[in-house]
Structure formats: C-alpha cells, structure tokens
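Predicted, not measured: the structure shown is a model, and the values here were computed from it. Throughout, a chain's letter reflects where its sequence line sits, starting with A, and its residues are numbered from 1.
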Amino acid sequence: MSLVPVEASFFGQSTVALAQSLIGMLLVKETEQGIAAGWIVETEAYTGVADQAAHSFGNRRTARTEIMYHEPGHVYTYTMHTHCLVNIVCEPVGVAEAVLIRAVEPHIGLSLMQERRGLDKSLHQLTNGPGKLTKALGITMNDYGNHATKRPLFIAVGRQVEEISIGPRIGIPNSGAARHYPYRFWETGNPFVSK
DNA sequence: GGTACGATGATCT
DNA sequence: GATCATCGTACCC
C-alpha cells in the first residue's frame, strides 16, 4: 500500500475534467488517532463565475471563498448546517472553481470511521454523503487552505474505475438554470454514492 | 420503499 | 435576520 500524494500537476485540468478524474482516487486524512482513507466515488463540479450554484458566482470574493482564487489543488472546507464539506480548488490563480467531494467508499481505518460516525451505523452509511464523509475521515475547518499534495489531508493515486455516470447536482434548488447542469459524477453502480 | 421536515450554526446583507 | 453545496428521524405507503 503506497499512500503517496499525487503530483500538483494532476490538478491542472479543467474543473469538469478534474471532477471525473477524481473518481477512483484515494482521499486520505491522517490524525493522531490514525489514518483514514476512502475511494472517491462521487463528485460535483462548481464552475465559478457563470455558475449560479457556486459560492464564487459572479466572482464573489469573501473570507470564505478566498481560497478558491488560489492555485489548483488547495482544499476548500466550509460548514453547512453543522456539517463540514470538502472541496478541491481548480483552475489557475484568479479563477474560482472547485470540485465538491460528495461520497467515498471506506478503505483504510474502518473501525476509526465507525467510532467517529457511531457504532450503530452500517458500513455503507459511514461516508455516503458530503457531511458524513468529512466526519468519518476527521476532516474539519482546520484543513481549510491545506494543499491536497500535502499531509495530513491529501489525494493519493487510486484505482481503475470502469464507468462514470453523469447527472444534475443535488441540493441546489435555488440556483436557477444552473441546477440542471450535468455536473455531478459518480462511479456507475457503486453502492456508496449519496443517492 | 419513499418523502417531509426540523435542527442547527457559520456566513453574508 | 435570511440564507443555505445537510442529516437524521418520523411517518406513510
């Protein structure tokens, strides 16, 4: 098992392309309690200035969205309804786009994830949602601004994915036409996707 | 199997 | 004070 972070150049592709490339990659988080990692099985692309569903729509720039304007590969975490969500920043400096990681398949540190999520949860309930996977892996707002090529939170080379499905994004009913964009990607048939 | 809804807190106006 | 890129439970097929 080699947990080697990917090269920074991996993140130098378009947001939509990266959202698909991330499917099958390994999301790794190291803490004092140990390592937890999961295969990424579901992502969503948020394409910034013209995407009404993106936090950076119209180039809105605040303390929260600041990291989206930086180099690709940075980690963008933020809280939503008491949950922490994790994104990977895309596109060159000044272009604020990102990929939301919506679900992973538990791979390393299963008992640690179960401990964090509650022992009554079945395996497939641990990480099949954006708020769930951050809790299972121990990802918090402290990871905001970390680069995904560096510990303790990074992307590692993953496995082959046979087929990727495409559909509209989830949970953005108030985003005008943007809600219909085919920007959600998941590994076809994988039982750990959020829906 | 499905849908409905309330809790909950950071962020922005 | 309004707005959410959510989750879990309740309830109804």
Side-chain angles (χ1 to χ4, degrees), chain A residues 14-16 18-20 22-23 27 29 38 40-70 72-91 95-106 113-146 148 153 155 165-187 189 191-195:
Chain A
S14 76
T15 302
V16 170
L18 185 62
Q20 296 173 76
L22 279 169
I23 303 287
L27 180 64
K29 172 69 195 246
I40 297 172
V41 298
E42 182 181 2
T43 62
E44 284 180 1
Y46 285 84
T47 57
V49 63
D51 181 357
Q52 205 173 150
H55 292 157
S56 52
F57 173 63
N59 273 337
R60 197 159 60 120
R61 187 165 189 158
T62 66
R64 180 177 67 158
T65 62
E66 176 64 29
I67 197 67
M68 294 181 73
Y69 292 83
H70 290 215
H74 279 100
V75 174
Y76 171 37
T77 53
Y78 84 100
T79 33
M80 158 66 39
H81 294 90
T82 73
H83 304 283
C84 181
L85 276 59
V86 64
N87 299 247
I88 303 295
V89 172
C90 305
E91 306 290 340
V95 182
E97 307 196 5
V99 173
L100 169 68
I101 299 175
R102 283 196 61 87
V104 306
E105 174 180 338
M113 293 191 208
Q114 222 146 28
E115 198 177 306
R116 286 168 172 155
R117 291 274 300 134
L119 297 175
D120 56 325
K121 304 285 193 306
S122 67
L123 181 64
H124 87 275
Q125 294 179 293
L126 290 180
T127 56
N128 63 336
K132 300 179 191 179
L133 76 91
T134 55
K135 186 172 180 189
L137 295 182
I139 297 170
T140 70
M141 285 305 292
N142 289 333
D143 294 305
Y144 181 97
N146 186 63
L153 176 60
I155 301 290
S165 297
I166 303 177
R169 292 172 292 186
I170 288 179
I172 50 166
N174 304 317
S175 303
R179 85 175 121 172
H180 303 301
Y181 294 175
Y183 282 175
R184 175 170 172 255
F185 308 96
W186 68 95
E187 181 176 0
F192 294 90
V193 302
S194 63
K195 202 174 138 189

Rounded off to whole Å, could you give me the [atom1]-to-[atom2] distance for the [X] and [N] pair?
{"X": "A/Glu42", "N": "C/dT6", "atom1": "CD", "atom2": "P", "result": "11 Å"}
{"X": "A/Leu85", "N": "B/dG9", "atom1": "CG", "atom2": "C1'", "result": "13 Å"}
{"X": "A/Tyr46", "N": "C/dC4", "atom1": "OH", "atom2": "C1'", "result": "11 Å"}
{"X": "A/Leu133", "N": "C/dA5", "atom1": "CG", "atom2": "C1'", "result": "13 Å"}
{"X": "A/Glu97", "N": "C/dA5", "atom1": "CD", "atom2": "P", "result": "17 Å"}

C/dT6 OP1/OP2 closer than 4.0 Å to side-chain N/O of A/Lys135 =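 No, A/Lys135 has no side-chain N/O under 4.0 Å of OP1/OP2 on C/dT6.
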
query = Between C/dC7 and A/Arg117, is there an OP1 or OP2 to side-chain N/O distance shorter than 4.0 Å?
reply =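 Looking at the OP1 and OP2 atoms of C/dC7, neither is under 4.0 Å from any side-chain N or O of A/Arg117.
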
query = Do A/His83 and the base of C/dT6 stack face to face, with centres under 5.5 Å apart and an angle between planes under 30°?
reply =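 No.
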
message = Is the base of B/dA10 stacked against the aromatic ring of A/Tyr78, taking ring centres under 5.5 Å apart and planes under 30° as the test?
response =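 Not stacked by the 5.5 Å and 30° rule.
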
message = Within the 4.0 Å heavy-atom criterion, would you say A/Leu100 contacts the bases, only the backbone, or no part of the nucleic acid?
response =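 Contact class for A/Leu100: base.
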
request  = Would you indicate what A/Arg169 reaches in the nucleic acid, counting non-hydrogen atoms under 4.0 angstrom: base, sugar-phosphate, or nothing?
outcome  =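 Since no nucleic acid heavy atom lies under 4.0 Å of A/Arg169, the category is nothing.
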
message = For A/Leu123, is there any backbone N or O sitting under 3.5 Å from a side-chain donor or acceptor partner on A/Arg117?
response =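 Judged by distance alone, no pair lies under 3.5 Å.
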
query = Donor-acceptor pair, A/Ser194 side chain versus A/Arg102 backbone, under 3.5 Å?
reply =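 Not at all, since once roles are kept as given, no pair shorter than 3.5 Å links the two residues.
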
ask   = If you measure from CD1 on A/Ile88 to CD1 on A/Ile40, what distance do you get to the nearest 0.5 Å?
value =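 The CD1 atom of A/Ile88 sits 7.0 Å away from the CD1 atom of A/Ile40.
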
message = Return the CE to OG1 distance between A/Met68 and A/Thr62, rounded to the nearest 0.5 Å.
response =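 Between A/Met68 CE and A/Thr62 OG1, I get 10.0 Å after rounding to 0.5 Å.
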
message = For C/dA5, does the base pair up with any side-chain atom of A/His55 as donor and acceptor (N or O, under 3.5 Å, distance only)?
response =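 For A/His55, whose side chain was compared with the base of C/dA5, there is a donor-acceptor pair (under 3.5 Å).
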
query = So A/Met113 and A/Val104, side chain to side chain contact (heavy atoms under 4.5 Å, CB included) or not? Walk me through it.
reply = CA-CA 12 Å; A/Met113 293 191 208; A/Val104 306; 6.0 Å; no

key: Any residue of residues 118-131 of chain A with a heavy atom less than 4.0 Å from an atom of DNA chain B   =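 None, since no heavy atom is under 4.0 Å.
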
message = Closest-nucleotide mapping onto DNA chain C: is A/Lys132 or A/Ile170 further toward the 5' terminus? I mean the 5' end.
response =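 Taking each residue's closest nucleotide, the earlier one in sequence belongs to A/Ile170.
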
request  = Specify the residue among A/Ala63 and A/Met80 whose closest nucleotide of DNA chain B lies further upstream toward the 5′ end.
outcome  =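 The residue mapped nearer the 5' terminus is A/Met80.
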
Nucleotide of B/dG9, C/dC4, B/dA10 approaching A/Thr82 most closely (side-chain heavy atoms) =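 Of all the options, the side chain of A/Thr82 is nearest to B/dG9.
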
Base paired to B/dT8 (Watson-Crick or G-U; both N/O distances under 3.5 angstrom) =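 Base partner found: none.
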
request  = Name the orientation class of the two ring planes belonging to A/Tyr76 and A/Tyr78 (parallel below 30°, tilted from 30 to 60°, perpendicular beyond 60°).
outcome  =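 Taking A/Tyr78 first and then A/Tyr76, their aromatic rings lie parallel (interplane angle under 30°).
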
ask   = Can you find a side-chain donor-acceptor pair between A/Thr15 and A/Glu91 that sits under 3.5 Å?
value =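 There is such a pair between these side chains.
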
